[in-house]
Amino acid sequence: MYRYPAQVRVMLTATLVGLVVGMSACGKAKQRVDIQDASSVSSTDTLTVNDPNCKKSACPKVDFSIVNGSGKDLTTESFSGSMGVPVDWKLRVKSDATPGRVRIVILQAPLWLKSKPADIPGGVDIVEAPDEVATNASFVVLGRDISRCKALEKVTKSCTDTKTSYKEYDTLFNIRFSITGN
């Protein structure tokens, strides 16, 4: 399989993220956006996940989605909050795979939106206070099948690097939210 040089992969990833965000912002007021310092999809828990279905010789692809703390699919649901009041948004991976096999990280979001690893493998929590009103806004989340990447790639160190794009293991999610004023 041909691998693009690292600079080309970074440019392709940045272009793809820019297109996703650009398309979602059509017809909306400008939103201050930050490319998060999400250089790694690792979290406080270990990256060694023992998935009995995932071996060096074969590791089947798993389907996954991102759900909120109530288990509702975030491709159809959205978050909401009020300006100046801390939100309690939970992003969780929903999959039939071993917990922690798929990791998520926020790639692009408003300046106020900061995340922290959740208390469950692969999850992310957002507990910051929004500092601006937003209607039909969104942020971009990268989901990566870390175990499959580590089983099938020759250089496994890059599996946790968000600057490396893997079409075979990655899925980008556009998570919608709204923030009301006081």
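Just the heavy atoms: all of them, side chains too, but no hydrogens, waters or symmetry mates, feed the values below.
- Atom CG in Leu91 sits 5.0 Å away from atom CD1 in Ile104 (nearest 0.5 Å).
- Here the CD1-OG1 distance, from Ile175 to Thr75, works out to 8.0 Å after rounding to the nearest 0.5 Å.
- Leu152 approaches Cys59 most closely through the heavy-atom pair CD1-O, 4.1 Å.
- Salt bridge absent: Lys94 and Asp73 never bring a charged side-chain N and a carboxylate O closer than 4.0 Å.
- Under the 4.5 Å side-chain heavy-atom criterion for ILVMFWY residues, no single connected hydrophobic cluster contains both Ile126 and Val67.
- Within the structure, disulfide (SG to SG under 2.5 Å) contacts touching residues 112-144 (residues at least two apart or in different chains) do not occur.
- By the 4.5 Å heavy-atom criterion applied to side chains, Val102 and Ile146 are not counted as neighbours.
- Contact check for Glu168 versus Lys61: no side-chain heavy atoms found under the 4.5 Å cut-off.
- Here the CZ atom belonging to Phe64 is positioned 12.5 Å from the CZ atom belonging to Arg103, to the nearest 0.5 angstrom.
- Residues Val127 and Val87 are not in side-chain contact: their nearest non-hydrogen atoms beyond the backbone lie 4.5 Å or more apart.
- In summary, of the residues considered (Ile106, Val105, Val141), a side-chain contact (heavy atoms from CB on, under 4.5 Å) with Val124 occurs for Ile106 alone.
- Between Ser158 atom OG and Tyr166 atom OH the span is 2.5 Å, to the nearest 0.5 Å.
- In this structure, Trp112 CH2 and Glu132 CD are separated by 8.5 Å, a value rounded to the nearest 0.5 Å.
- Under the ring-ring contact (aromatic ring centres under 6.0 Å, His included) criterion, no residue pair touches residues 115-135, with sequence neighbours excluded.
- Looking at residues two or more places apart in sequence or on another chain, you find no side-chain hydrogen bond (donor to acceptor under 3.5 Å, both in side chains) involving Asn68.
- The side chain to side chain contact (heavy atoms under 4.5 Å, CB included) check on Asp63 picks up nothing, with sequence neighbours excluded.
- At least one donor-acceptor pair under 3.5 Å links the side chain of Ser95 to the backbone N or O of Ala97.
- Using a cutoff of 4.0 Å between basic side-chain nitrogens and carboxylate oxygens, Asp125 and Lys116 are not scored as salt-bridged.
- By the 30° and 60° cut-offs, the orientation of the rings of Trp89 relative to Phe177 is tilted.
- With sequence neighbours left out, Thr180 forms a side chain to side chain contact (heavy atoms under 4.5 Å, CB included) with Ser82.
- Minimum interatomic distance between Arg144 and Ser165 (heavy atoms only, all atoms of both residues): NH2-CA, 4.2 Å.
- Residues Asn174 and Phe139 are not in side-chain contact: their nearest non-hydrogen atoms beyond the backbone lie 4.5 Å or more apart.
- Within the structure, disulfide (SG to SG under 2.5 Å) pairs that include any residue of residues 84-113 do not occur (at least two apart or interchain).
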Does Asp145 form a salt bridge (Lys or Arg N to Asp or Glu O under 4.0 Å) with Arg101? I'd like the steps, not just the answer. CA-CA 6 Å; Asp145 187 339; Arg101 175 174 165 168; 2.8 Å; yes
